[in-house]
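Note sheet for the following structure.
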There are 2 protein chains.
Amino acid sequence: MSQHTQPPETPTVLDSGDALPPIEQHARQYETVRFAHETELIEDYVELIGDLIAHRGEARAADIASRMGVSQATVSKMIRRLNELGLVTSQPYRSLFLTSAGKDMAQVSRARHDIVLNFLRALGVNDTTARIDAEGMEHHVSDETLAIMQAFIRKNTK
Amino acid sequence: MSQHTQPPETPTVLDSGDALPPIEQHARQYETVRFAHETELIEDYVELIGDLIAHRGEARAADIASRMGVSQATVSKMIRRLNELGLVTSQPYRSLFLTSAGKDMAQVSRARHDIVLNFLRALGVNDTTARIDAEGMEHHVSDETLAIMQAFIRKNTK
DNA sequence: TAAAATTGTTAGCCTAGGCTAAACTATTTG
DNA sequence: CAAATAGTTTAGCCTAGGCTAACAATTTTA
């Protein structure tokens, strides 16, 4: 079948680390990451909108743009997407609101974010770094790991 | 200046969690994540190519495709990019090789990946889950956090 | 060694998520 | 209350990273 005489599947002595995972499992790992990438920006926007509403009373495109560090045009386009996904409601030139689906997503996202952030802090990571890392990590942490992080926080925080 | 009378910058009582970070810092967090996204796929390919060479003796497009879970056309296109970036050398229809820049990247990437994976295992996360989480997390973990993870591994592994 | 099977490449399409520039709407202010 | 300013949207462009289909090259095998 193979056009090459391959070394056996068992790892050779060349490597220092683990063997390669089985092909199917390996592919599923990358697929999981690709899937996370599709949803994470959406979640970040929804989470930020929820935060802005909670902290500032409203969520405006200009605020989202400056906090996200992108142009207002980009935000405008994204809001249209969030609308189509049924996560926010908006009238032109007016402030945004989260739908109940949006609120749910914001709440879940925020809770996950907080666990990761507090876990990193409990581990001893500096606050600024912890915030940056948490922002990137939160979408890639499974429920299982999240539960373990939560237990760790309880154990290591007064 | 503002067209709305805004609540003060200090958070209102509505929220349960932390205050919003200052705008500049907030934007930098998201920018860091966006930047990581640009490089992480590249790193994943380079890391996988390095692993295939180490474990199988060669890295072929078909193997990369099946392990990444993408089409061969996608891999072919990506290899061209890696070439342009000076990370691999390739002749058509021949196996790939990493340049020394590619080897460096693979080595760094692999080391980081292993630390995150072993950290999750030391934390008590199931192996399959740990592999999936590590794949997603590795590109978002700062050097500071990585060092702390490494210390944690040393302390919690016999 | 010719045919079959596998592997690799190219062309062309699509979506997401950035951007700038220009037009439009709302609010504030002189 | 009109003009200036601030905020929002739209149009059009670009890149990355997927895909399929068609074709080319290589390797295996009958």
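So that the names make sense, note that chain A is the first sequence line, chain B the second, and so on, each numbered from 1.
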message = How many whole angstroms separate atom CD of B/E38 from atom P of C/dG18?
response = 10 Å
ask   = A/Q91 or B/H37: which one's nearest nucleotide on DNA chain D is closer to the 5' end?
value = A/Q91
Nearest-angstrom distance from the residue atom OH of B/Y45 to C1' of D/dG17 = 8 Å
task = Just say parallel, tilted or perpendicular for the rings of A/H140 and A/H37, cut-offs at 30° and 60°.
result = perpendicular
key: side chain to side chain contact (heavy atoms under 4.5 Å, CB included), paired with A/M105, selected from A/I42, A/T99, A/L98, A/L82   = A/I42
Residues B/S90 and B/N83: side-chain donor-acceptor under 3.5 angstrom = yes
query = Would you say the side chain of A/R131 lies within less than 4.5 Å of the side chain of A/R121, judging by non-hydrogen atoms?
reply = yes
query = What about A/Q72, does its side chain sit under 3.5 Å from the base of D/dG7 through a donor-acceptor pair?
reply = no
request  = Please check the phosphate of C/dT27 (OP1 and OP2 only) for any side-chain N or O of A/R94 closer than 4.0 Å.
outcome  = yes
remark   = Residues in residues 73-86 of chain A with a heavy atom under 4.0 Å of DNA chain C, by number, are A/A73, A/T74, A/K77, A/M78, A/R81
key: A/P92 or A/G69, whichever maps to the more 5' nucleotide of DNA chain C   = A/G69
query = So does B/R60 get a side-chain nitrogen or oxygen closer than 4.0 Å to the phosphate oxygens (OP1/OP2) of C/dG8?
reply = yes
